[in-house]
Structures are given as C-alpha cells and as structure tokens.
Protein chains: 2
Amino acid sequence: MRLTSFTDYGLRMLMRMASAPDRAFSTAELAEEFGLSRNHLSKIMQKLAQGGHVTTRRGGGGGATLARSARDIRLGGVVRLLEEGQALVECFGPGGGDCSISGCCGLKARLRSAEAAFLADLDRSTLADIALAQPEGAEA
Amino acid sequence: MRLTSFTDYGLRMLMRMASAPDRAFSTAELAEEFGLSRNHLSKIMQKLAQGGHVTTRRGGGGGATLARSARDIRLGGVVRLLEEGQALVECFGPGGGDCSISGCCGLKARLRSAEAAFLADLDRSTLADIALAQPEGAEA
DNA sequence: CTTTAATAGGTATTTACAATACGTATTAAC
DNA sequence: GTTAATACGTATTGTAAATACCTATTAAAG
C-alpha cells in the first residue's frame, strides 16, 4: 500500500503554504527549500490549482497561495485529487472490467470499501491540523 | 494509492482455495487457471505459508490448502502480510527517519491513522465473505 | 531405490511507470 | 521590452515490481 511521491510532496507543499497563508510561494522557492525538482513540483502545483486548493498567479511576484483557509482543506480531498488515476488494484483501472480471474467482484467491493474508509479517516483532518505550529516571523 | 499485484494475486489464490477447502492446489494449477507466472505465484504461496494462512506439502500429490477455515481468515491480516515492507510514503520506510522536509511528523501520524482505518475495514471481512459462492462439484 | 511431482528459495532479467529533465509558450509586473 | 513567473507537452532516466530461470529439497508412487 503506497502513495506516490506526487501526493506526498503535494501535501508538504500545502503544509508549507499554510504556514504563511498571506504570501505567495513560487515553485522555485519550494523546490529549493525541499531539495526537489522544480519541474516536478510545478506539475503538482498545477494539479492543486485544478483541484481548487490553491490559486496561482503568473508573472513577476507571482506564485501560489492557498485558495481557502487551511481549516477548510480536508486531507482526504487532497489525496483523492493527487492520487487520481491510481488504481488500488489492476482490475480497478481502465480495461480492468474483463477480470479474467473469477471472483474478482466480491473482492472489489471490499477493497473499495476499505479505500473509502482510508479517505474518510483523512477527511476527519484538515490542513490546519497538520500545518506547522508557527508561521515564520511569528516566533516569541 | 495502490496495492502490489503480489497482494492482489495472493487474495485471489486464497479465494480459489477457499472454494474447495478439502483438496490441495499446486501453484502450477493456479498459474494455469489464472494465466499468470507459476514462479510468481510460488513466491506468493511461500509468503502465505509463512504467514500461517496456508499449509504446503511438497512431493507428488502435494500443494497448498487453507490452514484454517475461510471464516477465520481476515482480509486485513492477509493484506498486512502481503504488503509487508511497503511504505505508504517514503519517510515511513527504512532510513526515512531523517525527514529533511519539516512538518513530516504531523502528516505521518494522520497517514498512519488512515492506513489503520483501511486495514481495520478489511478486517471486518473474512475470506469466506468474498469466496466464490459454490465449491466445484457442489452445484444443484 | 529410482523416478517423478511438487515446494523452497536464490539470483538474474525484464518491463512498466513514477520521477525527473528539458524546452517553449504564455502571462503579467515593473 | 525585459524579466520573472506559471503552463504544459514531450523526452529521458531510474527504480522497483514483476517475471524468468536454475538448483536444491522433499515426498509420493512405482
């Protein structure tokens, strides 16, 4: 059971942005800070923007900011978005309807239920619950 | 969010064995039936035997049978066994304790909780719940 | 006791896909 | 108009899952 690093990084980017909600973060800055590929983080940011979690602004002084309060961003929703297209097992994916191995369907229903339980548990938390305690410049 | 085919196939093998609990299944037979690699299924069967879910017998007429009633084999336990060593996110794995990206730990706890919810949901079902309705030779 | 049918398990290879890199277009600030 | 940023398509790389192969071991059957 594994999440892609795409999702992993996406969550961390949101956490970082939540720590300073007023200002914009460029992907270059986040990539630098995390020691990761700027291009990769750009892709993730685009996805987060598509999902409505962040708003991006191009041009000088641009970057991304949270589209809503961290309190209103549920973790399950973020994971659902970033893991989109990831099939839990092969027969969940496109063209997996054939299911040559008999008995697939009883299993499928149980797996879907478990997946839903996973996401529901995440939905009990918001970004605010896992964000860094103190925004920068607010210490002592 | 994805399970390995190792786990997927392992569950199907158990389902098939549960459909005829009295007799032994050779990996060759299951591989033939599923159209999959015999060697791969052998590895999975070994793991299932290590986990105590099946008992294997070598030699002529050997093969594997369920070690317990299908009613006593919980799906969460099987998935836990077969997914052993799979880290949900990178920093869960070996050497992931460093976690260069700050704020990992708040996220970690939430992800672990969700993973537990996933497995707990599966534990609500047993192999008997998803096995094929009728064992062969028991029709009508 | 030899043959045959099966698991056990190590190692090597293949392959799929996530991760990354690159390049160009677009947009907006200054 | 120049610069700083995102947007996004495509190409490449790297890694790990999936598979294949080979040899040992075990036990049944003749």
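Predicted, not measured: the structure shown is a model, and the values here were computed from it. Every chain is numbered from 1, with letters handed out A, B, ... down the list of sequences.
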> Under 3.5 Å between N/O atoms: give me all the protein pairs with nucleotides 28-30 of chain D, atom names plus distance.
| residue | atom | partner | partner atom | Å |
| --- | --- | --- | --- | --- |
| D:dA28 | OP1 | B:Arg57 | NH2 | 2.8 |

> Expressed in angstrom and rounded to an integer, what is the separation of A:Phe25 atom CZ from D:dT6 atom C1'?
17 Å

> Name all residues meeting the side chain to side chain contact (heavy atoms under 4.5 Å, CB included) criterion together with B:Ala117; count only those two or more places apart in sequence or in a different chain, and write none if there are none.
A:Asp121

> Atom CD of B:Gln46 to atom C1' of D:dT26: distance rounded to whole Å?
14 Å

> Is there a donor-acceptor pair under 3.5 Å between the side chain of B:Ser5 and the backbone N or O of B:Asp8?
no

> Between the main-chain N or O of A:Arg38 and the side-chain N or O of A:Ser42, is there a donor-acceptor pair closer than 3.5 Å?
yes

> Measure the distance from CG on B:Leu41 to P on D:dC21 and round it to the nearest whole Å.
15 Å

> Distances under 3.5 Å between protein N/O atoms and the N/O atoms of nucleotides 17-20 of chain C, please, pair by pair.
| residue | atom | partner | partner atom | Å |
| --- | --- | --- | --- | --- |
| C:dA18 | OP1 | A:Gln86 | NE2 | 3.1 |
| C:dA19 | OP1 | A:Ser5 | N | 2.8 |
| C:dA19 | OP1 | A:Ser5 | OG | 2.7 |
| C:dA19 | OP2 | A:Ser5 | OG | 3.4 |
| C:dA19 | O5' | A:Ser5 | OG | 3.1 |
| C:dT20 | OP2 | A:His40 | ND1 | 2.7 |

> Tell me every residue that passes side chain to side chain contact (heavy atoms under 4.5 Å, CB included) with B:Arg68, counting only those two or more places apart in sequence or in another chain.
B:His53, B:Asp72, B:Ile73

> Side chains of A:Gln50 and A:Lys47: closer than 4.5 Å at any heavy-atom pair?
yes

> With sequence neighbours left out, what residues match B:Arg74 under side chain to side chain contact (heavy atoms under 4.5 Å, CB included)?
B:Asp123, B:Thr126

> Roughly, in whole Å, what's the span from CG in B:Leu82 to P in D:dA18?
11 Å

> Taking only the side-chain nitrogens and oxygens of A:Thr27, find out if one of them lies under 4.0 Å from OP1 or OP2 of D:dT6.
yes

> Go through the structure and list residues passing side chain to side chain contact (heavy atoms under 4.5 Å, CB included) with A:Thr56, not counting sequence neighbours.
A:Met45, A:Ala49, A:Val54, A:Ala64

> Would one find a side-chain N or O of A:Thr56 under 4.0 angstrom from OP1 or OP2 of D:dA7?
yes

> Closer than 3.5 angstrom, by distance alone: can the side chain of A:Thr7 be matched with the main-chain N or O of A:Leu3 as a donor-acceptor pair?
no

> What is the separation between atom CZ on B:Arg23 and atom C1' on C:dA6, rounded to the nearest whole Å?
15 Å

> Are A:Arg80 and A:Glu115 close enough for a salt bridge, meaning some N to O gap below 4.0 Å?
no

> Rounded to whole Å, how long is the line connecting atom CZ of A:Arg38 with atom C1' of D:dC8?
12 Å

